[in-house]
Structures are given as structure tokens and as C-alpha cells.
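Take a look at the structure set out below.
These numbers come from a predicted model, not from an experiment. So you know, we letter chains A, B, ... as the sequences are listed, proteins then strands, and number each from 1.
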2 protein chains.
Amino acid sequence: MSTKNKILDAADVLFANKGFNGTSLREITSQANVNLAAVNYHFGSKKELIKAVMSRYMDELSPRLESALSLICQAELKPTLHEVFSAFIGPLLHLNDFKENGTSTFLQLLGRGYTDSQGFLRWFLTTQYPDVFTNFTKAVNIAYPELTAEEIFWRLHFTMGTIVFTMSSSEALIDIAQNDFDNELDIAGVIERVIPYVAAGVGAPITNIEPLSLR
Amino acid sequence: MSTKNKILDAADVLFANKGFNGTSLREITSQANVNLAAVNYHFGSKKELIKAVMSRYMDELSPRLESALSLICQAELKPTLHEVFSAFIGPLLHLNDFKENGTSTFLQLLGRGYTDSQGFLRWFLTTQYPDVFTNFTKAVNIAYPELTAEEIFWRLHFTMGTIVFTMSSSEALIDIAQNDFDNELDIAGVIERVIPYVAAGVGAPITNIEPLSLR
DNA sequence: AACTAGTTTAAACACCTGTTTAAAATAGCG
DNA sequence: CGCTATTTTAAACAGGTGTTTAAACTAGTT
């Protein structure tokens, strides 16, 4: 295996578990059994390594996600929100074939990127992979046309939060659930449980919220 | 103002904005206009300072939260989930009286603590303030008795994720929303929008999930 | 005024950080 | 082989980290 890939494989697991700031290049290179300077030689800097780690997953995920969503948008029957969110299951679980524990690693990375490094990842995703967002918004709009653009905006970000945050700590949660309820569960099981939750959340009835000035 | 409080006031803002790992003691002490060694003198270590920052908020929040939840549990009418989650609004917004921007600072800290420092905060909260969790579970159980304990467990963690994650990036989201939709919004407005979402999520119809072994 | 306990201070400690350097090793190709 | 270009290596760099030290300072009390 190439040095570049050895670094990427070691980096994404460490980044997912300990965050970008919390992982040093020395940890990565010794885990990958390569020289310290290899990171700067092959990637230029730590920041570029982070981008490369994310891109490797996003390039694998985003085409599958886009085709799944466009399939839903073009269907004859109006899709339910549950169907819209279910469109994520396949592409996300495919990351497990792409790399061992790929799904949860990627979702953890997503969570790290959102909170570490002050919004750098949000910029990265929205500028590098804008179609994922717009297709998703479009699909939700078809499934629930009464929602205003602003309400979709907020509810989609709530959904992002639910997914990303849950998956960031999914391993710990699965452990607790197994101890307390003797229920064997894996990452796919968690996804199956979270879909009805977010679908119901996005599909919540519209409530009037008075503007600030009238309160 | 005492040196101890000057440190706490500087620390919680910096911790909220840049994370625990991302904030150095030198940043904190220079922001607070105190000597570097003051942190170790007054708190012992950086880790103890983090605990002190969180405790200051939790001690202000948890009694109000517990009484609000017990009020709901003892009411004659069965409460709706919307009412259960609305019980959080008052205690959370009270943190704004306690300290400027206290509500969003605290919720950001909560998010930091969950993802920084590998589950240390979850341990801290569940061991130091266990009543908040059990009271909350009890209230949800009254409002939606059909939910099994395991389903409540998962849905409450989804909810934690939604709230904490949204609030971690609430400032950025509010900015975007103001630009895109000309809608003035503050932290209270975000809370009002997220309550229907999580209430609907927790109240989602129960779906049968086949155990792993049968799939 | 003198002593004491609590607090603040500047300096140093040992260690870790990302990055760069220049020499050594390796591979590819005519 | 001999030459070149790519890659790997160990060492050093400059700067940042949390923590400790011992001296200086500040009340408060007798």
C-alpha cells in the first residue's frame, strides 16, 4: 500500500476518535508506520491532510447520494419524508464496504469537522459539494411543500445535528444500550432508529412564530 | 471581581468558541488580565478549571430544571411532549440573566464537552447531575407511555444531539438565516423552532425494528 | 510594628506541536 | 551500468503547551 494511503487510513480513524486538533502528526505517522515528514511531503500541511481525508469519503458518497435523491425527486408518486431520509441509508452504509467501519468513521468525522476548526468544514462541504445540499432541500420540498424555505433550512440543520452528533458518540451509546437493554445493535440499527425520528421532526406541523419585534 | 471569577468568565467564552483543547491557559489568563499561574493556583489544573466552568452553569440550571420537570410530572392532566420540552425553555433562558449570552454559551459548552475529551462530559453529567436525566425520562414516559425504555433512551440522545449540536453552531446559523431570509432571530427564536422538531421526533410512531439476528 | 496567611508575579521547566532541511535510499529509464 | 527523479529518513527548528518554583507583594490580626 502506498505511503499516502497508509497515512489516510491511519488519519481518518484518529481524527474521528480524537478530533483534528486532538490528533498530532506524530500519532498519525507512527500509527501508519511512516516517517513524520511524509505528511508534509505528500499533503503539504496538516490542513490539507484533513481536506484529503474528508474528500476521500465525500467523493465516494456524494455521487451515490445525488442519484438516490434524484431518483426520489423524479418518481411519479410524491415521496414521504421517511422515504427521503431513507435514501441516505444505502449510500451511507456503502461506506462500510469502502473501508472497515467507514460509515461511523465518516459520520464521526463530519461531527468533528462541524465543531472543531470553527465552521471550516461547513465551508468545505457547501463550496465543494453544493449539489448534495440543494438536492436534499429539493426532495424535502416535494415531500412537504407547505414548509417555507426558512423552515426547511432550520429543520435540515436540526437533522444534521441529530445525525452527526448521534454518530459521533454512537459507539459509546451502542455500548450503553447493550448493557442496559441486552439488545444487540450496530450502526445500521442506529440509522434505522434515527430515520423515523428525523422524518417526524422535519414533518412536524407548522407553528407560527412571532417575529422578535412583536414579542 | 475576584481572580477566580475573572478566570471563569474569560474561560467559558473561550472554551465555548474554540473548544477545550483549542483554548490555551495563556489565552484565558491574558483575556482575564490575571497571571498565568493563577489558574493552577486557584483551580489546580486545566481539567479542574473545565469542571468548574461547567459546574457553575449546571448548579444554576439543574434545580430550576428539576422543579420545572417535577411540576409537569405532578400535573393532573397528562402533559404533551411539546409541554415536556417547553419546560426547558425557562431554565435555559434564565442563564441569560445569570451571565450575558449565558444560554448559548452553556449550550455550546455542552456540545464541546460531548465531542472534545472523549465522553468525559457525559461521565461528568451523568454522575454529578443524574436527577436531570431520570426526571426527564420520567416526564417523557408519562407523556408517551407506549415508548419502551430503550426507545426513550435512543430518542432522548437524538434530542440531546439536536439541541447541543444546533446550539454549538447557532451563531453561524443565525447569521446565515438573517442573510438568506431577512428574518431577525435570536437564541430564543432558535429554541422556539427546535422544540416542535424534537417533540415530533420523540413522538414519532413506533416502528418495529427487527433484531440483527433475523435480518 | 511585626508576624502570618493568602495571593500574585516573572521565570523557568520539560515536553509536545507543525514544519523544514539536507543527506540518504530507492525506483524508473535510456 | 549510470543518470535522474522520486521518495524516505533523521535531525533540527521555532514556537506553543500545562505546570512548577521561589521570590515578592498584600492584606488581616495580635
Task: Whether Asp12(A) side chain and Val53(A) backbone form a donor-acceptor pair below 3.5 Å - done: no
- [ ] Indicate, with yes or no, if the rings of Phe88(A) and Phe136(A) have centres closer together than 6.0 Å.
- [x] yes
Open item on the list: If the threshold is 4.0 Å, N to carboxylate O, is there a salt bridge linking Asp131(A) and Lys138(A)?
Closed with: no
Task: Pairing residues for Phe98(A) by the ring pair (Phe, Tyr, Trp, His ring centres under 6.0 Å) criterion, not counting sequence neighbours - done: Tyr57(A)
Open item on the list: I need the CD-P distance between Glu48(B) and dG18(D), as an integer number of Å.
Closed with: 15 Å
- [ ] Using a 4.0 Å heavy-atom cut-off, write out nucleotides 8-20 of chain C from 5' to 3' as B (base contacted by protein), S (sugar-phosphate only) or - (no contact).
- [x] BBB-B----BBBB
Using atom types as modelled, flag every donor-acceptor pair under 3.5 Å from a side chain in residues 42-51 of chain B to any protein atom, sequence neighbours excluded.
| unit_1 | atom_1 | unit_2 | atom_2 | d |
| --- | --- | --- | --- | --- |
| Ser45(B) | OG | Glu48(B) | N | 3.3 |
| Lys46(B) | NZ | Phe20(B) | O | 3.0 |
| Lys46(B) | NZ | Thr23(B) | O | 2.8 |

